[in-house]
Each structure stands twice: as structure tokens, then as C-alpha cells.
Amino acid sequence: MGTLQSLSDEPEYRELAEKTGFSFEQIGILHKRFKQLSHNENTLRRADLDTIPDLACNPIRTQIIEAFFDKRNFHQNGDGTVEEISFEEFLVVMSHFRPPALNMTEEQREKVRREKLRFLFNMHNTDNDGTITLEEYRHVVEELLSRSGALGKETAKGIADAAMLEVASISMGHMEPDEFYEGITFEHFLKILKDIEIETRMNIRFLNMDTTTLCNRDSSSIR
Amino acid sequence: MSVRVALHSRSFLERGLLLLVILIFLEGTVLTLGAASSPDISAQDNTGGHDHLDDHRGIAGSHVHPNYTKKAFPVLSLDYHHIQVPFEISLWVLLASLMKLGFHLIPQLSSIVPESCLLIVVGLLVGGLIKLAGEEVPPVLDSNLFFLCLLPPIILDAGYFLPIRPFMENIGTILMFAVVGTLWNAFFVGGLLYAVCQIEGTYLSQVELLPCLLFGSIISAVDPVAVLAVFEEIHINELLHILVFGESLLNDAVTVVLYHLFEEYSGAGEVTPMDVVLGVICFLIVSLGGIAVGAIYGILAAFTSRFTSHTRVIEPLFVFVYSYMAYLSAEMFHLSGIMALIACGAVMRPYVEANISHKSHTTVKYFLKMWSSVSETLIFIFLGVATVAGPHAWNWTFVSVTVILCLVSRVIGVVGLTFIINKFRIVKLTTKDQFIVAYGGLRGAIAFSLGYLLDKNLFPMRTMFLTAIITEIFFTVFVQGMTIKPLVDLLAVKKKQEAKRSINEEIHTQFLDHLLTGIEDICGHYGHHHWKDKLNRFNKKYIKKCLIAGERYKEPQLIAFYHKMEFKQAIELVESGGGVKLPSAVPSQVSMQNIQPKKLPPPVAERALPQFTKGREEEIRKILRSNLQKTRQRLRSYNRHTLVADPFEDGWNDFILKKQRLIELEKKVRLMSNYLTVPGATPDSPTMCRARLASDPNAFYNIKASSDGVPTIQVDLASPQSPDSVNMLNEFSKRGATGQGLGQREGADRDEDQGLMMKPAGKGEKGEEEGGNKNPGLMRCLSDPGPSNEDEEDEPFLP
């Protein structure tokens, strides 16, 4: 691991640190990993991520891999998917899993929460129409239960339906019988998951440790 | 209105009568107990008893005593000694239970004063009465009795229902508080006490360092019983609850080691560094050994429960006996019995719950709650009695310094440790949290029993210690226990969230778990999500196969949760008389048809659209009723894994019948609440019924057909091979149907059911007025007025 001095020399790191909020050390470690995954190339492809052995047993790995190639997660107001991503985009996606800093105001915390939930929302909302329809939700639940074989499929439908109904009930209150609930919008999504305290749960500890230990050393790495 | 007033006055009278009965009983109890403990009377009874016995023998046999003088045949005789011990035990238990009853009749009192305080006061009264009666107060808080009989039920209850997920998430913090915090407390209090004792003028200079440290270690441990008793009433948020409670459980190992260490070496008078090292090793052995013993017994219990499908009635027994044996085995080796018990309960729970029948599960839950409740009550009452019993050696300096030092050390310890811990936590502990953790460090009967265990010869200042311990306990329980509730309100500490765990949250919790594991894998970092996932997979692959009977081990967590939720809601719906009073927090008026996509098979949709006049309804009803039986039979062949809806026609029948009932009930129900039963297009799971039930009844006329995606609920009460599911159904049907919305099956052949099928059917007039006309039999069967913490059951099997 290079010393702090050599890393901070690289201007791109500084820029990346500003953009994503990671510390130099964290960026260094992630860069190493990126190089390892992409076999020392500058871009990462889906196939590279597929080769990770541990990921094979994950029921939602397709969604996870897709999320890395989803332009909506690059914070550039883009749309659609790409075939390969650079390190910067890799870092931006990873930054969704950074824990909130120690002293945050309520608005900042809210912002972080929205950002993380937006990431989740994008993962579900595959056709990018702004809502999670029943079909998409069913797909999510099916994937989650994909390891259970045949019985999963039947139950998945039921579970997804029940969940959808719950969202509708909570968000819409009263609906006329001929009204149709299009799907879960981002606002509704926020509402139903507000009890989950996502900003404390959707974090990778590894990144957390480094932030705290580097807090005192390099104040410029903290946003 | 007048009814309510009448009820009030009646209940007031009842309360008064009950209190009177309790008081009289108390007197009788006290005198009996006091009398029984007196040696003279028991001797008299003894000889009296023997006389009678001899008389009997004399008459039966042909012996004739030489000095035998014939008395009248004893028609009625009193032989108290014969049944003395069980009788006394029962009297105490009865007293405890009546006290518990009594307190809840006076709501004002129980809201201000926590139950533990009241019970100690009762104990004081009883002890005082016994003393007044001139008898010797029995040594009720005998250490053997306490540690072997009174403590295990409480700990088992705590361990079995321990919320594993929050516990594991905060395990680092909990361990820090338990181990380091207790050590700090012990040494701080012990050391400073010694320093104070050395001061001239306190007449305490004969108290050595080691006894002081021993005293410090006894008094520094937070007591699980007291914490449970007080925290249960203040409904604090889960994090704080698990922090304080977890700490109180895990500090047992530290206390055990310190206690034995100092006790051993008080005689020698000094502790060498070698002893300290041995102490540390001992600590590791005590704690890890205790957990290991508990885990072994837990696995044994889980394995045994795999084979109990044919002897369901003794299933709960295995849970209790294995746990108790774990405790005793750990105590045998001087390992930490509390940790063994916790480990046993926590390890066996997921597997046992998957194996045992629903009734056994309820039995286990209720027995545990009952025993722990009685134990807790008894402990507090005995504390009061033991206080009166004495002997006491009051020393102003010692006692006051103890109390002050305990408070100070607790505060310093908590603040200091939190400072360190917050560096490693994602969710930091705020000052408010720290205050509650510090303030919630209550001492209790464990400290007293440990003090009681001290040898009089080795520790001549034992009585002074006991007095100080009792004062500390009283202080924490009374002062801190009474003021913590208003303080919680004042500081606006986050309270326990009453909202039920929704299925969306469950889905996303699972999703998050997998997502975070995936991201960790991509990062190449083996964080604790990675290990948790590995453990889960290992568990699923190997352990579950061994320990869970039948096919259930394959059931994924989400599905298990879904089933549980459905079942719960079905029961609630049935209980509440079918929708008059919905337990739902959300008055929703959305029904299934709102979320179904519009692209439906046209013939189905068309059928639904025409508006029906009443006459036409009757026609259709008649036609379809004839098909009802056939429909029912078809449905019954589904097994528990099928959550697919019926074909549209079947739903239509039920739908029509429901409507018929609705019209009748609508008038009555409309006055009562805003929630009305509106049938959906098809029978649904209770989740959807719940939402549907709130809908506007006018919506009926514009019913859109739902697609095939609407599931019906098929809930299995037990694994398919158990006959319990049938029994429960039979109970249901015998007691008649309940409520609209979901009701009973009234078909003839329900016996070959695989599970409880909730279909909107049955008779319907129930549950109308005031929600009151519920079938009492069914209510008794289903109602769950008992212990508060239902939420533990909502936890998935494995985190």
C-alpha cells in the first residue's frame, strides 16, 4: 500500500476523492481491486465481474452486476446501460455504499438516504419508466427466491402481490375501484422503506473503518 | 354510556372484593408460614402424625400395643407436617400470582410505580407480618433455591426469545459493556471503598482490600431480572433495550470469575500476577465453555425435536428439560450457567420451531412466560422478605459510599466506553442513549444471592456487605426504576416501534443482505456480511438437513416469513369478528383490483363489469351455490405450497355469498366503524382481505375481475404429517364460524385437510354488534392476551 504522500500526488485521485468522498487510501485499495478484476485494463466488463467465484451463489447477482453498468448510477443524469466502465464510474457506484459521515445535519442525512434508496430503486426499475410495476416487483421477489426451485415461483407471485398491495395501501390511502395503481414511484418507495434506516444499513464496513481512522490525518478527504 | 358506567361500578366492586380476599389470604398465609417455620409446632404435628399412623397400623394388623389405650376413632385429623413443604411452596407461588393480579387491577398505581417496586414492598409487608406474628422469618432467598429454581426460567425465557439479529449486530458493543464495563466497575468501586475504609474514623479499617474487591465485583454486575422487569414497562427502542439487556446477560461470566477469584484468595490475602493470568484464562474458559455447553444441548434438543412428530404432546418438555440440563451442567463445572442457557435457547430455537407443531410452540411460549413471570415476582417478594429477615449491620459510611460510587462508576464507565465504541460503530450512541444505558444499570437479586453465599467465617463483615447490597438494590430499583419512565418521556428517547414488520421491509432486508454481500465480494473484502452469508449457506446446506424434519428445511426465509404473516393476519381477522375492528395500522382503502394490471383476459373482465341489480344477484347466487360444494372439493387438493388462486369461477361463488352476508351486516356494521367488508373479486390472502375490507361497499358494483395472480391463503399450522392441523380445524368448525370475510369451512369433509384453509365462507352473522358477539370458545382458543413481546416471533428463523 503506497504511502499517503504518493497517492495524494496523483491529481486524479484528488479529483475522485472530491467527487465520491472516499479517502485516498480507500481509492487506492479500490483501484487495486479494479485492476485485479479487469486484468490490468482500464475498463471493466460484465464478464470480469462474472468471474468472481463468491458472487456465483448470490441470488441477485445479475441485478448487482447490472447496477454497475447502469448509467443512472453514475450521477451524470445518463440513461441506459454501458458495456464497460472506467475506474471513475466504478468508484461512483461504490460510493453509494459509503456510510454517512459522523457529523451530519438532518438534511444531509436525508440526502444520503435518498441517494441510497435511489440506487435500490434503479435496481428494481429496470425499464426506467419511473415506477416499479407489479411485473418488475414480481421479478425481484422471484430472483430472491430463485434458489428455492419450483415452489419459489408460485409463492413469489403471492408475496409480490401482497407487497404491492401494501405499498398501494400505504401510499395511496383511498382509491376508487376503477383506479389503477401504476406502480411504485420513487416517493412511495421512500415512504415504505423509511423505517428501515437505510443510511445506517446500506454500508460496507470496510470503507467505514478507513474513513474513521483517516478522519484526523487528512481532513481534505472528508467532504 | 350507561352500560359503561354500570360496568365501571361493577369492576370497582370486583376490585375491592379481590383486594379484600388478597388481604385476608395474606394474613392466613403469613400466619401459616410463620407457624410452620416454628420448630415447636412442627414437632407436635410430627408426633401427632405418628400417633395416627400407629393407630392405623394397630387397627389393621393384629398387634396390640402393651400400653395401648383405646381412643375414639379419629374421624378428622390435622397432619400439617406431611404436606408442609409443597404446601408452603404453593402458598408462596399463589401469593405471588395474586399480587400480580392485584396490581393490574389498579392501573393508576401500576403506571407510576414499576411492578418490581410494588412486589418488594409486598415482600416487606409479608416479612414484617411474619415478624410481628412472632415467628422467625424463613430464609427464603436461599442461594440454592435462587440459582437453581428461580433464576433459570427467567434466563431461558430471555434466551429463547432473544432477538438474534439486533443482538448479533451489536455484539461488539454489548461485549465491551459487559466485560470491560463490569471489570471497571468492580475495581473502581472495590478500590475506592477500600480507600474510604482506610480513612480514620469510619471504624472500618478491618476491611481488607480483597474483600472490598469481592464486594465490588458482586455489586457491579447489572442484573438481568431487574433490567427486564423495568425495561419491559418503558417500551424503549430496540437498540437500547438489547444493549442493556445483553450486557446484563453476558456479564455473568465476568462476575463468576471475579467472584471465585476473590473469594478463593481472600483467605490467602493476596493475589499474584500469576493468579491474574489464571483468572483471565478462567474467564475465557467460563464464558466459551458455557456457550459451548449450551450449544451442545441446544443441538441435541433440535435433533430430538426432529423425531417428535408422533408424540406432539411432550414436545415442549424437551425444550425445557434440555435447557435446564444445560444450565445445570454448566453450573456443575462452575461455568457460566446463564450463558449456557442463552446459547441453548438461541441455538435450538430456529430448528425446534420448524419442527414442533403450532400448539407446542404456543405451549412453550406460554409456559416460559408463565414461569419467568412467577419467578420474577417471587424473587422480588423474597427480596422484601429477606430484607426484613436481616440480620443487618448498618454503617452509614459504607452504605452511602457504596451507593454513590456505584452511580459514579457506572456513569464514567458508560461514557468512557461509548467514546471508544463510537469509533467502531456505524450507528453512533448519542448522549441520550448513553444516559439511558447508564441509568438502566439496575442491580438485583443476583447480587444479593452472591452476597448471601459468602462464608461467615471468612468474611466477618458479611452482614455489612449484605446491608449495603440490599440498600443498593433498593436504590436502583426504587429510585432509578421509578424515575426512568418519566425521564425517557422527558428526554424523548425513541420508543419501540409498534408497527408490524411489513412484507416490503422483509423483502428489502433480504435484498439488502444479498446486495451487501455481493458488493463485498466485488470489493474483495471479507466483511461480516460475507461471513454471515457463508454461515447461512452452511446452515442451510448441512445443519438444517440434520435438524429439521421433513421437507421444511428447504423453505427459504422469505416464504417462512410470508406464511407466518399470513397466518397471523388470518387469526387476527378471525379473532376480530371478521373485519369490524381491524388491527391494521393503515386504514387502507385499496383493494386488489387497484394494483392488478389492466390487461386481463377479456371474457373475464367483461363478466365483471355489468352492474347487478338485487334480483339478478339472487339468481346468480342460487345458481352458483349449487356449485359451491364442487368448488370446495377442488380447492382442498392444494397443498401448502400452492398459493395460486382459484380459477375465476370458484372465486365468484364465494364472492356472491360474501356479498349476501355483507348486505345483511352492512347496516349493523356501518354504525360501528369505518371499515367495512367488501369482497374482492376472488378470495385472497388476509393481507389483501385486510386492505379490501376497508373499501367502500359501493365498490362492489364495479368490481373488476382480478387476474390469476391473486393467491388464496393456504396456511399450514404444522408440517403436513401432523394431525394438529386437522384438530385445529375441527375446533374451529365445532365452535362455529366467526365473522365475515374469513370464516370457517362448513363443508362436510374437512378432515382430510392438509392445512387450515381460510376461505371467505361459512355462516355469517357473527361479529356484528360492537365486535362483541364473538364466539367465546374460539376467542379463548385464539386470543393472545399474554406477554407483550410478540415481536420476537416475527424474526425470521435465522438472521
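Please read all numbers here as calculations on a predicted model, not as lab measurements. Residue numbers begin at 1 in each chain, while the letters A, B, ... track the order of the sequences.
Proximity to chain A is limited to the side chain of B:Leu512, based on heavy atoms less than 4.5 angstrom apart. In this structure, chain B has a heavy atom under 4.5 Å from the side chain of A:Tyr137, while its backbone stays farther away. Heavy-atom distances place no part of A:Ile65 under 4.5 Å from chain B, backbone and side chain included. Only the side chain of A:Val140 comes within contact range of chain B, with at least one heavy atom under 4.5 Å from a heavy atom of that chain.
Not a single salt bridge (Lys or Arg N to Asp or Glu O under 4.0 Å) links A:Arg33 to another residue, sequence neighbours left out. For the salt bridge (Lys or Arg N to Asp or Glu O under 4.0 Å) test, residues two or more places apart in sequence or in another chain that qualify with A:Arg113 are A:Glu110, A:Glu199.
Contact check for A:Arg61 versus B:Asp521: no side-chain heavy atoms found under the 4.5 Å cut-off. For the pair B:His508/A:Phe189, a side-chain contact is recorded, criterion being any heavy-atom separation below 4.5 Å from C-beta on. A:Glu143 is not listed as a side-chain neighbour of B:Phe511, based on a closest heavy-atom distance of 4.5 Å or more.
Closest of all the heavy-atom pairs between B:Leu515 and A:Ile60 is N-CD1, 3.8 Å.
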Legend entry - Worked verdict on A:Met94 versus B:Ile519 for side-chain contact (heavy atoms from CB on, under 4.5 Å): CA-CA 8 Å; A:Met94 280 297 191; B:Ile519 297 287; 3.8 Å; yes
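One N or O on the side chain of A:Asn58 and one on the backbone of B:His514 form a donor-acceptor pair closer than 3.5 Å.
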